[in-house]
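Report on the structure given below.
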Amino acid sequence: MAERPYIVGNWKMNGTRAMLSEARAIDRAAQRYMKVEVALAPPYTLIHAVHREAEQIGIGAQDCHPGEEGAHTGDICATMLSDAGAKFVILGHSERRQDHGESNELINAKIESALEGGLRVILCCGETLDTRDAGEAESFVLGQLKASLPSIEDPAERLTIAYEPIWAIGTGRTATVDDVVAMHASIRRLLDETYGAETSAAVRILYGGSVKPENAREILSAPEVGGALVGGASLSAESFLGIVVAASEAEDA
Ligand code: PEP
């Protein structure tokens with residue numbers, strides 16, 4: 001893998017200023033694991049405060065509006081996120097797709113706008129259990145990506161993909177390593193076709209779905225797994241750092 005493993009915590013709609021001590025603990029400990037790139041996506045309300053605490057880790061957001069500014073009550077655009085200290089944004093998370101009816105086309109518009117605004121993007125994709133059971137997981141996920149990948153020439157450093165089977169998010173179920181490897185290989189082929197193999201090699205493909213310290217090492221050692229997007233286990237420094245340690249050990253192995 002061309003880049004360091006990327007371990008990203010998604011705090012979702014969790015966290016008040018009382019959580020800043022967890023962010024600080026994650027940041028200070030991350031300084032001991034420089035082979036791993038560590039990042040946190042707190043809720044909007046904490047981005048600036050976590051950014052001020054952070055010496056090492058990257059800070060990002062969980063969504064942004066596709067527009068630049070204007071009459072969009074309750075929305076936040078890429079330049080506002082940058083101004084608050086965000087360096088990246090997670091887009092197309094299944095909870096946004098389900099709760100807010102986000103389409104691939106909208107997600108594509110958000111990605112283009114975020115890149116234009118100077119943010120790196122983590123683009124999420126993943127199938128439901130029904131889709132997997134119907135044998136359509138690969139075509140579904142590749143369809144999501146084809147419809148939402150940005151039309152940039154050099155995605156290296158700017159784009160990360162997160163494969164997150166919906167049935168594995170927050171359920172305690174993880175996909176089998178074989179399933180993850182097969183899906184990541186298919187995603188890699190699509191990235192190669194879209195951007196050229198040399199450029200695509202620097203785009204990391206993360207796995208997300210009930211990653212914990214106990215299962216992280218096995219998942220992170222698998223081919224084409226460039227890191228993890230972590231929900232529940234990122235809410236405590238102890239469990240999140242267990243995943244960072246596993247990533248560092250997998251890198252050394
Ligand atoms: C997520 O929502 O991106 C996620 C992977 O959540 P969890 O780790 O809790 O399954």
Looking only at the side chains, is there a donor atom on one of [X] and [Y] sitting less than 3.5 Å from an acceptor on the other?
{"X": "Thr131", "Y": "Glu136", "value": "no"}
{"X": "Glu112", "Y": "Ser151", "value": "yes"}
{"X": "Asp154", "Y": "Thr199", "value": "no"}
{"X": "Ser239", "Y": "Ser236", "value": "yes"}

Show every salt bridge (Lys or Arg N to Asp or Glu O under 4.0 Å) that has at least one partner inside residues 34-46, sequence neighbours left out. Lys35-Asp252, Glu37-Arg120, Glu37-Arg204
4.5 Å side-chain heavy-atom contact, [X] and [Y]:
{"X": "Gln56", "Y": "Val38", "result": "no"}
{"X": "Ile59", "Y": "Lys87", "result": "no"}
{"X": "Arg97", "Y": "Ile166", "result": "no"}
{"X": "Glu68", "Y": "Cys77", "result": "no"}

Say whether [X] and [Y] are linked into one hydrophobic cluster, either directly or through other cluster members, by side-chain heavy-atom distances under 4.5 angstrom.
{"X": "Leu145", "Y": "Val89", "result": "yes"}
{"X": "Val211", "Y": "Ile7", "result": "yes"}
{"X": "Val177", "Y": "Val225", "result": "no"}
{"X": "Leu190", "Y": "Leu206", "result": "no"}
{"X": "Ile107", "Y": "Ile76", "result": "yes"}

Have a look at Ile187 and tell me which of Ile205, Asp192, Val203 forms a side-chain contact (heavy atoms from CB on, under 4.5 Å) with it. Ile205
Quick one: sort the Tyr6 and Phe88 rings into parallel, tilted or perpendicular, breaks at 30° and 60°. perpendicular
Can you classify the ring geometry of Tyr163 versus His184 as parallel (below 30°), tilted (30 to 60°) or perpendicular (above 60°)? perpendicular
For Gly117 and Ser82 the tightest heavy-atom approach is O-OG, 3.5 Å
At their closest point, which heavy atom of Pro223 faces which heavy atom of Val181, and how far apart are they? CD-CG2, 3.8 Å
Output all residues satisfying side-chain contact (heavy atoms from CB on, under 4.5 Å) with Ser234, sequence neighbours left out; order by chain, then residue number. Trp11, Val230, Phe240
Presence of salt bridge, Glu249 and Arg217, under 4.0 angstrom: yes
With a 4.0 Å cut-off, would you call Arg96 and Glu102 a salt bridge? yes
Backbone of Ala84 reached by a side-chain donor or acceptor of His48 within 3.5 Å: yes
Check this for me: Glu238, atom CD, are more than 12 non-hydrogen atoms of other residues, nucleotides or ligands nearer than 6.0 Å? no
